[in-house]
There are 2 protein chains.
Amino acid sequence: MNIGIAAKASGISAKMIRYYEQIGLIPAADRTASGYRDYSDTDVHTLCFIRRARDLGFSVSEIEELLSLWRDRDRQSGDVKRIALQHIEELRSRIAEMEGMMTTLATLADACAGDQRPDCPILGDLAQPGGRNSPAPTKTPPPRSSPSV
Amino acid sequence: MNIGIAAKASGISAKMIRYYEQIGLIPAADRTASGYRDYSDTDVHTLCFIRRARDLGFSVSEIEELLSLWRDRDRQSGDVKRIALQHIEELRSRIAEMEGMMTTLATLADACAGDQRPDCPILGDLAQPGGRNSPAPTKTPPPRSSPSV
DNA sequence: TATAATGGTTCCAACGATGGGAAGGTCAAG
DNA sequence: CTTGACCTTCCCATCGTTGGAACCATTATA
């Protein structure tokens with residue numbers, strides 16, 4: 001089948017399928033006599049695997065590992081689980097970071113009248129001299145010398 | 001003061017300071033006779049403002065707006081608050097998305113033995129023909145209305 | 001003073017994942 | 001045979017940040 005059909009069937013755009021081939025995430029597709037890429041149901045199955053992994057936030061390199069484990073009949077589920085747990089930790093960390101931002105911002109926005117007057121606690125916080133030490137009203141202890149992430 | 005000093009004082013790398021100047025986020029710095037950028041305490045203050053906003057996850061274009069409001073004595077705090085609330089919504093949405101991924105992954109990882117056996121619910125889920133929200137990749141896939149983004 | 005070690009300058013490229021578009025070839029229906 | 005949809009490759013843009021190369025300026029030391 002043509003790349004457009006495979007794209008619709010897998011939920012991955014044709015652009016991205018070509019890109020994945022280019023970076024070696026998937027092997028080069030067969031070609032028809034006229035040079036069109038030709039995909040089998042198996043190929044589409046692989047693409048769906050990739051899309052699902054992508055939807056779960058895995059990076060291309062992680063997907064590469066997962067694909068290789070998927071194809072390996074002698075894999076150890078521990079290897080898969082390790083990748084998953086690692087990714088969960090990554091997500092947890094990014095979520096925590098964003099929640100910190102959100103909490104701080106929500107506090108500031110709450111203190112801001114939001115009318116036509118110029119006084120604004122949000123700008124006041126941003127403009128604090130030595131922003132490095134500006135107290136973020138989060139539950140995390142005072143910032144260290146090195147900025148987080 | 002030189003860019004390196006300003007970088008340390010503000011917590012923004014010299015590279016980024018030049019970049020911010022290049023894209024017009026900050027005005028071109030004064031130059032010494034030998035061509036070195038020369039920063040004042042006021043400039044550093046602005047850079048700290050930018051860093052603080054960046055730490056809160058604001059994009060460059062949002063920071064641009066915030067800076068211009070900061071410099072405008074006749075600003076309306078409502079404008080600032082609007083930007084903040086909008087950003088909070090953005091954060092909330094991204095957090096929700098990642099939490100969805102995390103929940104799914106945690107469930108799968110929990111069901112995975114994680115030992116040397118090859119059976120793995122994580123791979124099992126990823127390999128589901130069609131995944132959770134995609135059409136079944138049969139030979140005659142039913143015409144599907146546009147799938148979720 | 002000569003020299004080495006910082007530290008500044010510009011320019012170019014890369015990352016990750018994706019989209020846009022141009023120029024041109026191919027296929028199927030009318 | 002024409003038309004329109006689809007395919008091909010190639011290049012560019014995104015966003016924020018980092019890295020490096022090649023070169024110039026300043027400063028510290030032998």
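- Of the residues K81(B), R75(B), R82(B), the one that meets the salt bridge (charged side-chain N to carboxylate O under 4.0 Å, His left out) test with D79(B) is R82(B).
- Scanning for salt bridge (Lys or Arg N to Asp or Glu O under 4.0 Å) contacts around E89(B) gives R92(B), with sequence neighbours left out.
- Nucleotide dG21(C) holds its P atom 15 Å from the CZ atom of R18(A), rounded to whole Å.
- Atom CD in Q22(B) sits about 14 Å away from atom P in dT17(D), given to the nearest Å.
- When the side chain to side chain contact (heavy atoms under 4.5 Å, CB included) test is applied to D115(B), the partners found at least two apart in sequence or on another chain are S77(A), A113(B), R117(B).
- Checking dG19(C), dG8(C), dC7(D) against every side-chain atom of I3(A), the shortest atom distance belongs to dC7(D).
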Using a cutoff of under 3.5 Å, can you pull out all pairs of nitrogen or oxygen atoms linking the protein to nucleotides 11-16 of chain D, with atom names and distances?
residue, atom, partner, partner atom, Å
dG16(D), OP1, V60(B), N, 2.9

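- The side chain to side chain contact (heavy atoms under 4.5 Å, CB included) check on T42(B) picks up S40(B), with sequence neighbours excluded.
- Residue pairs meeting the salt bridge (charged side-chain N to carboxylate O under 4.0 Å, His left out) criterion with at least one member in residues 102-113 of chain B: none, sequence neighbours excluded.
- L47(A) has its CG atom 16 Å from the P atom of dA17(C), to the nearest Å.
- Spacing between atom CD of E21(A) and atom C1' of dC7(D) amounts to 13 Å, rounded to whole angstrom units.
- For the contact set between residues 24-39 of chain A and DNA chain C, defined by any heavy atom under 4.0 Å, the members are S34(A), Y36(A).
- Residue pairs satisfying the ring-ring contact (aromatic ring centres under 6.0 Å, His included) criterion with at least one member in residues 79-121 of chain B, sequence neighbours excluded, are listed as follows: F58(B)-H87(B).
- Applying the side chain to side chain donor-acceptor pair (under 3.5 Å) test to residues at least two apart or on different chains, the pairs with a partner in residues 62-71 of chain A are S59(A)-E62(A).
- The distance between atom CD1 of I5(A) and atom P of dC7(D), rounded to the nearest whole Å, is 7 Å.
- In this view, R73(B) satisfies the side chain to side chain contact (heavy atoms under 4.5 Å, CB included) rule with no residue, not counting sequence neighbours.
- Shown here are the side chain to side chain contact (heavy atoms under 4.5 Å, CB included) partners of M1(A), two or more places apart in sequence or in another chain: I5(A), A6(A), Y39(A), D41(A), V44(A).
- Ion pairing of R52(B) with D125(A) is present here, as a side-chain N (NZ or NE/NH1/NH2) and a carboxylate O approach within less than 4.0 Å.
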Please set out all donor-acceptor pairs under 3.5 angstrom arising from side-chain atoms of residues 12-20 of chain B, sequence neighbours excluded.
residue, atom, partner, partner atom, Å
S13(B), OG, M16(B), N, 3.1
Y20(B), OH, R54(B), NH1, 3.3

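- Annotation: the terminal axes of the helix from dT1(C)-dA30(D) to dG30(C)-dC1(D) meet at 20°, where each axis is the rotation carrying the C1' atoms of four end pairs onto the next four (5 pairs per end, rounded to 10°).
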